[in-house]
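Structure first, commentary second.
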Amino acid sequence: MNTALQILEKHWGFSSFKSRQEAIIDSVLNGQDTVALLPTGGGKSICFQIPALLNEGICIVVSPLIALISDQVKSLQNKGIKALALKGGLSFDELRTLLDNATHGNYKFLYLSPERLQQEMVQNYIKKMNVNTIAVDEAHCISQWGSDFRPAYKNITILRELHPLVPIIALTATATPKVLEHTIEELKLELPNIFKDSFVRKNIAYQVIEQDDKLYQIERLLKRNTGSAIVYVRSRKAAVEIHNQLNSLGFRSAFYHGGLSADDKDRKLEAWQNNSISIMVATNAFGMGIDHPNVRFVIHVQLPESLESYFQEAGRAGRDGARATAVLLHNAYDKILVRKQFIDSLATPVDLKKIYRSLVNYFRIAYGEGMFSEHSFSFTDFCTTYKLNTFVAYNALNTLDRLAIIQLSKEFGRKTTISFTVSSETLLSYFERDIVASVIGKTILRLYGGIFDSPTKVNLELVAKKSGQKISVIISVLKKMEREELLELSLHITDASLTFLVPREDDKTINVVAKEVEVLNTKKTDQVEAVLKYVANDSECRSLQLVRYFGELNKEPCGICSVCSKTAQKLDRNEARLMAKDILSLLKQDSLNSRQISEALRFTESLILQVLKLLLDAEKICINEKNKYSIK
Ligand code: ADP
Ligand code: MG
């Protein structure tokens, strides 16, 4: 019989195990529930793949992303191992054929997304299979306290019911002690063996840089880039913009966000994986499970919402073990912004009660009724009817959805995006030939000034109101223009559907979950505060700060982060006072950003920023959203 090591050598060509891999494999082979908590790139996959190969039968692997599933299945197949995946868009017959194969065809691995487990046919087949291991990849997705919560992960407990004696192995790289505890609880693991590797990534230099002119800083960093890079931003719009700017500076970049078609995503991912594009400017839609060895830079242009997601994203750097840099850029305004975006917008139980009451009135649901009733839903109309702040209402509805009080259809919140692919002259001459297109097109051009520069979200209801045309007419005109290659259209009708999942009981409905809401809100707030604390603390090794957040008590500074390597440019009081005077007199004439100030005064920007911070704290100056400072 083969041993684990022989399998490793035979199929993977490695001569030894990394860190805890062997112990983890032993635990699974012993039939015990197991948790493998290894950092990104730590080699989690073989921890379930090797036990599955050593035992008779098949291993069921639940994984959150189709791209991840495809990668792993392909790489197993390349090794001559029989593996298959249940992908999206399968017909009933195709699904049955695949499941038949998995059951009777000596397959070793069946990969599926958690949503698949809801299907009765899938359950029935899995029950018949000779399952040897259940692997849950990215297991933290089951916890709503984590940043990647996926409600469908709750289906995974079905597997335990179908095969009560088969060990479950949960794999994750993100784990604060609390999320870990919650993940174990939600997966219903029984006295699991927990293996935790150190989260220290010795080859990553973490840097936190205060910089008002971020593009300038990104350019400087990327000039040193010898491999691949990821630039993380917080919005789709920013992804497109920064990509355009980098391209015009001569960098080979692409952008990636959740609004792209599946084809586009695949194409871009592949171009990046095979190095024909070196820089990906992306939102957090680009991420989980990406296995690209030579990422030399991960740059965050805006503050992340939690250190969990930051650590995960930064951890995509340096998977090959060679030196890499993870940079977090920030400026004074960012701190105000994250509070506004992530804390002030949290829906409280009081907000939820108000929105819920409006909802049941809007749909005329009688007390005690409404369970499983589905309604078509116009968000704009709803907000206008009850004079609701759209920002708060949007968050509240999503919270109600998360709490399983209502269910919003997938289209909810998506907006139609238009980008023109021709010049304004071509467009105007087209309008001369088509009067309806002209009315609609010109309305759009008037409403959205910058639409020729980047893909722009368009509110069709607003266009309808301003142009006096029906939405259906607008859509057909836009589609026609798309066919004639005048524009690219990503059409989403915001009029989504909404289903009530529990009967109407007014405030009682919300009271039941109020505690949970408060816990979640506190958790969110703590996460944001932890990010701000991390950014502010520039006297302690960055790497130590991060791993401590994940419960690790390490003592040795990394020596390469921005704190450790700081050849401290210290500012003495006298000098600071003189500089402050110069800055104030400069700002009396005009509001300026830190780089302009540093150029005018011929001090380094890092010194200028230190003084600006003192002046901000003393409320002598203020900063606006363009990062310009002015006298208060
Ligand atoms: P994770 O899922 O933890 O992020 P993966 O399972 O994708 O990590 O593995 C990361 C990389 O490490 C892969 O390229 C894999 O082939 C490699 N790897 C795994 N185990 C070993 C080992 N024992 N020796 C050398 N490389 C390994
Ligand atoms: Mg993995």
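The analysis underlying the following values was restricted to heavy atoms, covering all of them including side chains, and did not include hydrogens, waters or symmetry mates. Atoms within each ligand, like the ligands themselves, are counted from 1 in listed order.
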Checklist entry - Does Leu38 come within less than 4.0 angstrom of ligand 1, counting non-hydrogen atoms of the residue? => result no
Checklist outcome for this item: The closest protein heavy-atom partner of atom 8 (O) of ligand 1 is Gly43 N, 3.2 Å
Next on the checklist: I'd like to know if Glu529 pairs up with Lys533 as an ion pair, taking the criterion as any Lys NZ or Arg NE/NH1/NH2 lying under 4.0 Å from an Asp or Glu carboxylate oxygen.
Outcome noted: no
Next on the checklist: Can you tell whether the side chains of Asp320 and Arg296 come within less than 4.0 Å, N to carboxylate O?
Outcome noted: yes
Checklist entry - Quick one: which ligand 1 atoms are inside 4.0 Å of a heavy atom on Pro39? => result 3 (O)
Checklist entry - Looking at atom 3 (O) of ligand 1, what's its closest protein heavy atom, distance included? => result Lys44 NZ, 2.7 Å
Checklist outcome for this item: Atoms of ligand 1 under 4.0 Å from any heavy atom of Ser45, numbered from 1 in the order shown, are 2 (O), 5 (P), 6 (O), 7 (O)
Item to check | Contact check, side chains of Leu112 and Ile126, non-hydrogen atoms, under 4.5 Å | outcome: yes
Checklist entry - Among side-chain atoms of His243 and Ser253, is any donor-acceptor pair under 3.5 angstrom? => result yes
Item to check | atom 12 (O) of ligand 1 [closest protein heavy-atom partner, distance rounded to 0.1 Å] | outcome: Lys18 NZ, 3.6 Å
Next on the checklist: Please determine whether a side-chain nitrogen of the Lys or Arg among Asp526 and Lys178 lies less than 4.0 Å from a carboxylate oxygen of the Asp or Glu.
Outcome noted: no
Next on the checklist: Looking at Arg234 and Asp334, is any side-chain nitrogen of the basic one under 4.0 Å from a carboxylate oxygen of the acidic one?
Outcome noted: no
Checklist entry - Any nitrogen or oxygen of Phe17, main chain or side chain, under 3.5 Å from a nitrogen or oxygen of ligand 1? => result no
Checklist entry - Hey, does Ala173 sit under 4.0 Å from ligand 1 if you only count heavy atoms? => result no
Checklist entry - For Trp12, is at least one N or O under 3.5 Å away from an N or O on ligand 1? => result no
Checklist entry - Which residue supplies the protein heavy atom nearest to atom 20 (N) of ligand 1, what is that atom called, and how far is it? => result Gln21 NE2, 2.9 Å
Next on the checklist: Distance alone, cut at 3.5 Å: any donor-acceptor contact between the side chains of Ser198 and Glu552?
Outcome noted: yes
Checklist entry - Nearest protein heavy atom to atom 13 (C) of ligand 1, by residue and atom, and its distance? => result Asp291 OD2, 4.1 Å
Checklist entry - Do Trp272 and Tyr256 make the cut of ring centroids closer than 6.0 angstrom? => result no
Checklist entry - Would you say Pro293 contacts ligand 1, with heavy atoms under 4.0 Å as the rule? => result no
Checklist entry - Does a side chain donor of either Gln119 or Arg116 reach within less than 3.5 Å of an acceptor in the other side chain? => result yes
Checklist entry - Of the protein's non-hydrogen atoms, which lies at the shortest distance from atom 4 (O) of ligand 1, and what is that distance? => result Gly41 N, 2.7 Å
Checklist entry - Any idea which part of Phe14 is under 4.0 Å from ligand 1, heavy-atom wise: side chain, backbone, both or neither? => result side chain
Checklist entry - Looking at Ile46, which atoms of ligand 1 are within less than 4.0 Å of one of its heavy atoms? => result 20 (N)
Checklist entry - Between Asp93 and Ser91, do the side chains contain an N or O donor and an N or O acceptor separated by less than 3.5 Å? => result no
Item to check | For atom 10 (C) of ligand 1, the protein heavy atom that lies nearest, with its residue and separation | outcome: Arg319 NH2, 3.4 Å
